[in-house]
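Values reported hereafter were calculated over all heavy atoms of this structure, with side chains retained and with hydrogens, waters and symmetry mates removed.
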Amino acid sequence: MSRPSDAYPTGLQRRLRAEWLGLALALSLLIAALSIWGRLPVLRDINQQAYDLSMQLTPRPAADRDIVVITIDDASIEALGYWPWRRATHAALLPHLRLARAVVLDLILSDSRLAYPGDDALLAAAIAAHRRVVLPEVLGPEGRHVIRPLPVLADAAAAIGRIDAQADPDGRLRAIQLWRTTSQGARLPHLSVALARVAGLDAATERPDDRPSHLQFIDPARTFVRYPYAAVLRGEVPESAFENRIVLIGAWASGLGDQLPTAMGSGLTTGVEVLADSIQNLKQSLWIRIAPPWVTILASLCVLWLVCLGLRRLSPRHGLAGALAALLGFLSADAWLLAQGGLWIPPAGLLVAILLAYPLWTWRIQEASLQHIDRELERLQIHPRRNPAQAARGTGPDTLPERAARLHQAVSRLKAAARDQQDTLGFISHDMRSPQNAILAAIELRRQAPEQWTESGTLAHIEQQTHATLRLVDNFVQLARAESAPLRKHPCLLDDLVQDCCDQRWSQAAQRRITLRFDPSDHEDTIDIDIELMRRAIGNLLDNAIQYSFEGTEVRCVIERDASAWRIHVQDAGPGIGPDQIPHLFTRFWRAAGDGKKPAGNGLGLAFVQAVAQRHGGQASCASEPGRGSRFSIHLPPP
């Protein structure tokens with residue numbers, strides 16, 4: 001015999017396997033689509049937040065000591081006067097930087113100073129004398145308008161580069177464009193590229209495309225060497241401090257110059273700091289490489305299928321913990337790749353897929369399991385209950401609480417079936433065997449003492465025990481049919497049915513001088529019932545009432561009808577039943593204790609009455625007091 005688990009994969013397990021595979025494939029396609037369309041607003045925001053978190057959690061490189069920043073700070077403004085300073089002042093500064101490898105003057109010098117007409121020439125001469133000064137220009141957002149330095153200054157400069165910094169839609173600066181193409185087709189380098197070329201770092205500037213280059217920001221605790229502008233101008237900083245170094249001159253004072261939020265999330269960063277970071281990224285190849293979509297898809301799919309396997313194999317609680325652990329592991333690995341290899345994989349597609357995986361899988365496995373449970377409940381004939389209000393709303397039996405209630409009902413029924421099986425075995429081993437043992441004993445006694453056990457007496461005893469056995473078998477079969485056989489319902493007038501049952505027992509009652517009284521109802525409505533089962537159930541109540549009533553008394557049968565139920569009452573005039581016995585009266589094989597005059601029953605008659613009532617959607621009950629008789633009732637729902 002095969003084990004039950006052998007058939008399990010062909011049913012629910014096969015369904016769950018198909019659901020799991022379908023979900024995993026659907027989420028895989030979703031990851032592929034989200035990875036390709038990662039620039040969509042919501043996905044872009046998720047990726048940017050994840051990128052910033054990775055940048056902030058990973059160690060950052062220390063500043064290159066060959067890059068020096070001369071800051072136009074608050075102290076220098078206080079020392080040299082209100083900003084902007086005369087261009088002659090900048091011209092006076094450049095001779096102090098004659099040993100520098102390259103100098104960038106990060107100031108927009110596009111307008112002439114009418115108050116000091118000779119200053120432009122002085123600055124141009126100082127720039128030309130230095131021969132390694134780079135000046136900035138600004139390209140508009142649409143690539144049409146270019147703000148360039150004064151021609152006299154531009155001609156003197158060693159190179160010119162763009163300083164336009166295009167932040168992401170959330171306002172944070174994460175990358176710069178090393179090259180941009182104007183609307184006229186001219187390609188303009190970033191100021192860091194122009195400066196690197198003047199400094200002799202041509203190899204580091206070979207990034208010809210216009211794609212944004214993501215910056216590796218420098219650790220603020222180990223930032224660049226900085227000198228105040230005024231201190232350098234006064235000669236307080238030796239010229240050797242700038243020897244063979246790249247020098248950046250830019251605004252540092254509060255409220256002066258451009259200041260931008262970056263991926264580091266720690267306040268604002270000045271434009272000259274961003275320029276210094278860009279130079280170091282060029283010099284040391286520190287750029288963060290964003291993984292292409294195919295790499296993102298492959299990496300995300302590996303994690304996704306691992307999560308799906310966990311959901312398939314683990315319990316819901318452990319599956320959820322595993323999914324969250326996989327997501328955290330991916331983010332941690334992503335941050336490690338960024339810190340060690342300069343590679344970052346956008347996680348938005350995987351994040352969305354994992355956040356969907358658990359609820360979708362829980363939904364699908366729950367739906368498949370509940371449908372399987374529904375089929376099993378149907379096999380057990382435990383049907384959903386739906387009232388008219390639920391039917392109008394389309395709710396009720398398909399909800400989880402209702403299914404749980406039905407499952408609990410099924411479990412209770414199975415437990416009851418197990419108890420009934422034990423009771424049946426006890427009934428067969430005792431009640432069914434007792435008459436057979438009595439027959440065998442009578443036959444043996446006839447053989448051993450034929451003079452005491454005549455043939456006629458022995459046959460009479462055998463006949464009596466055989467009839468007892470047949471009654472037991474008949475009662476047992478009828479009870480089994482009442483509990484499980486399909487009902488054969490037909491319209492019936494209860495008054496006629498009860499009257500017929502009373503008429504059949506008139507002679508039986510008359511033998512004990514008992515009066516059978518029937519009070520019919522005032523209704524002519526019919527009710528759909530299994531007539532034979534109901535006839536036998538009412539007959540059982542009448543038989544018990546006649547058997548246990550005292551001679552010369554009355555057994556009364558009444559039918560009542562109201563909006564909630566039909567009620568058939570059978571009132572006897574017997575000794576009554578104790579309150580401790582009433583809860584057990586309708587239990588299979590339970591026997592009330594005999595009083596010495598009336599034998600105890602076999603525990604099947606009242607169980608049959610209850611089974612018939614319940615199969616018709618009703619209930620059987622008993623009301624009794626010792627010494628005042630008993631009233632047994634069958635309650636049936638109205639048609």
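- For Trp305, the ring-ring contact (aromatic ring centres under 6.0 Å, His included) criterion is met by Trp20, not counting sequence neighbours.
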Considering only distance and modelled atom types, tabulate donor-acceptor pairs under 3.5 Å from the side chains of residues 117-129, sequence neighbours left out.
{"residue": "Asp119", "atom": "OD1", "partner": "Arg86", "partner atom": "NH2", "Å": "2.8"}
{"residue": "Asp119", "atom": "OD2", "partner": "Arg86", "partner atom": "NE", "Å": "2.9"}
{"residue": "Asp119", "atom": "OD2", "partner": "Arg86", "partner atom": "NH2", "Å": "3.4"}
{"residue": "Asp119", "atom": "OD2", "partner": "Ala88", "partner atom": "N", "Å": "3.4"}
{"residue": "Asp120", "atom": "OD1", "partner": "Arg87", "partner atom": "NH1", "Å": "2.7"}

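- Close placement of the Trp83 and Trp85 rings is indicated, their centers lying within 6.0 Å of each other.
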Could you pull out all donor-acceptor pairs under 3.5 Å where a side-chain atom in residues 150-158 meets a protein atom, sequence neighbours excluded?
none

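- With sequence neighbours excluded, the residues that form a salt bridge (charged side-chain N to carboxylate O under 4.0 Å, His left out) with Asp168 are Arg174.
- Remark: Arg222 engages Asp219 in a salt bridge (charged side-chain N to carboxylate O under 4.0 Å, His left out) (not counting sequence neighbours).
- Listed by chain and number, the residues in a salt bridge (charged side-chain N to carboxylate O under 4.0 Å, His left out) with Arg234 are Glu236 (sequence neighbours excluded).
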Could you give the side-chain donor-acceptor pairs of residues 30-47 under 3.5 Å, partners two or more places apart or in another chain?
{"residue": "Ser35", "atom": "OG", "partner": "Ile31", "partner atom": "O", "Å": "2.8"}
{"residue": "Asn47", "atom": "OD1", "partner": "Ala348", "partner atom": "N", "Å": "2.9"}
{"residue": "Asn47", "atom": "ND2", "partner": "Leu43", "partner atom": "O", "Å": "3.3"}

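- The salt bridge (Lys or Arg N to Asp or Glu O under 4.0 Å) pairs that include a residue from residues 293-302 number zero, where partners must be two or more places apart or lie in different chains.
- A search for side-chain hydrogen bond (donor to acceptor under 3.5 Å, both in side chains) contacts involving Tyr51 returns nothing, not counting sequence neighbours.
- Under the salt bridge (charged side-chain N to carboxylate O under 4.0 Å, His left out) criterion, Arg226 pairs with no residue at all, not counting sequence neighbours.
- Listed by first then second residue, pairs satisfying side-chain hydrogen bond (donor to acceptor under 3.5 Å, both in side chains) with a partner in residues 122-136 number zero, not counting sequence neighbours.
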Show me the side-chain donor-acceptor pairs of residues 323-344 shorter than 3.5 Å, one per line, residues at least two apart or across chains.
{"residue": "Ser332", "atom": "OG", "partner": "Leu328", "partner atom": "O", "Å": "2.9"}
{"residue": "Asp334", "atom": "OD1", "partner": "Ile345", "partner atom": "N", "Å": "2.8"}
{"residue": "Asp334", "atom": "OD2", "partner": "Trp344", "partner atom": "NE1", "Å": "3.2"}

